[in-house]
Amino acid sequence: MNRYLGKLAVHTVREGDGRMPMNVALPGITREDLSALQRWHWSPELSLDPAEAVFHLEVRSYVLQIDGLNVLIDSCCGNGKTRSVPWAHQLQSGWMDDLQRQGFRPEDIHLVLCTHLHADHVGWNTRLHNGRWVPTFPNARYVFSRRDFDFFATQTHEPHNREAYEDSVLPVVATGQADIVDSDHLVHREIGDGLWLQDAAGHSPGCVVVNAQRGGARLAFMGDVIHHPVQIHRPDVAFFADEDGPAACATRERLLAEAADDGAVLLPAHFPDPPACRVHRSGRYFSGEWLARG
Ligand SMILES: [Zn+2]
């Protein structure tokens with residue numbers, strides 16, 4: 001992995017994990033797809049039978065270091081949040097301890113970039129202080145895509161995302177720490193030699209990929225553009241929680257093709273640990289290659 005980083009450093013901060021049946025998470029995945037996956041990735045929870053295979057997601061953040069900036073990418077579910085889904089309700093995880101163990105105090109974070117505004121990507125944006133939700137990172141600018149910011153102001157079909165918007169997004173706007181930006185947005189330096197957001201609409205309307213590159217490969221923090229390695233073989237299969245399934249599939253295929261062509265390192269939000277991988281064209285779609293495994 002190190003030879004791809006150039007002047008960048010990347011850390012992962014873990015909150016926890018989750019599981020559901022493969023044929024619920026990704027309806028349409030076949031035995032043949034799982035067999036293709038088996039050539040480069042497997043775990044005891046997987047099976048060639050989609051009805052038996054377990055779909056496992058890690059829930060993590062990344063901290064990217066670039067030119068003296070500490071950039072938090074996605075902020076998991078957060079502690080003590082009231083949520084109408086059990087997997088995010090009143091969590092007390094070791095996320096903050098993990099962050100600090102790696103040398104980052106909350107005041108050391110300069111930028112918070114959310115790939116989208118779902119509840120499992122914004123939670124640690126805020127913490128409870130004297131009964132109020134306040135920004136966890138007092139010195140940070142927080143960057144949100146305008147399309148998600150507008151969408152989650154009115155969406156009602158997933159209450160937990162609405163709850164997250166109210167206690168983990170709006171308090172940051174209230175303190176003046178939020179920058180609401182277009183989905184294609186330059187954050188630092190220039191495209192190809194800096195830090196920039198790229199439109200990745202589909203999983204949510206304002207989904208973005210966070211790209212970083214400084215003398216090495218392009219690092220593509222994919223958020224929820226892709227949830228599981230089997231989707232490298234079948235980018236055309238929608239995740240059950242994709243807001244717009246066909247758009248999410250088209251975006252996934254387009255961004256995987258870009259990564260296959262430029263050799264980008266993919267760092268998806270929910271991939272198994274360690275998550276860094278590359279993709280290669282293979283038949284109609286792609287195959288994968290882990291970068292930090294033996
Ligand atoms: Zn997610």
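Hydrogens, waters and symmetry mates play no part in the numbers below; they use all other heavy atoms, side chains included. For ligands, and for the atoms within them, numbers begin at 1 and follow the listed sequence.
Among residues two or more places apart in sequence or in another chain, the ring pair (Phe, Tyr, Trp, His ring centres under 6.0 Å) test is passed with F151 by none. With sequence neighbours excluded, no residue forms a side chain to side chain donor-acceptor pair (under 3.5 Å) with S145.
Between D261 atom CG and H280 atom NE2 the span is 12.0 Å, to the nearest 0.5 Å.
Proximity of P50 to L34: side-chain heavy atoms (C-beta onward) are separated by under 4.5 Å at one or more points.
In summary, an N, O or S atom of H270 is located under 2.8 Å from the Zn ion (ligand 1). None of the N, O or S atoms belonging to D74 lies under 2.8 Å away from the Zn ion (ligand 1). Look at H121 and the Zn ion (ligand 1): an N/O/S atom of the residue is under 2.8 Å from the metal.
For D224, the N/O/S atom at the shortest distance from the Zn ion (ligand 1) is named OD2. D120 contributes atom OD2 as its closest N/O/S atom to the Zn ion (ligand 1).
Among all heavy-atom pairs drawn from V230 and M22, the shortest one is CG1-SD, 4.3 Å.
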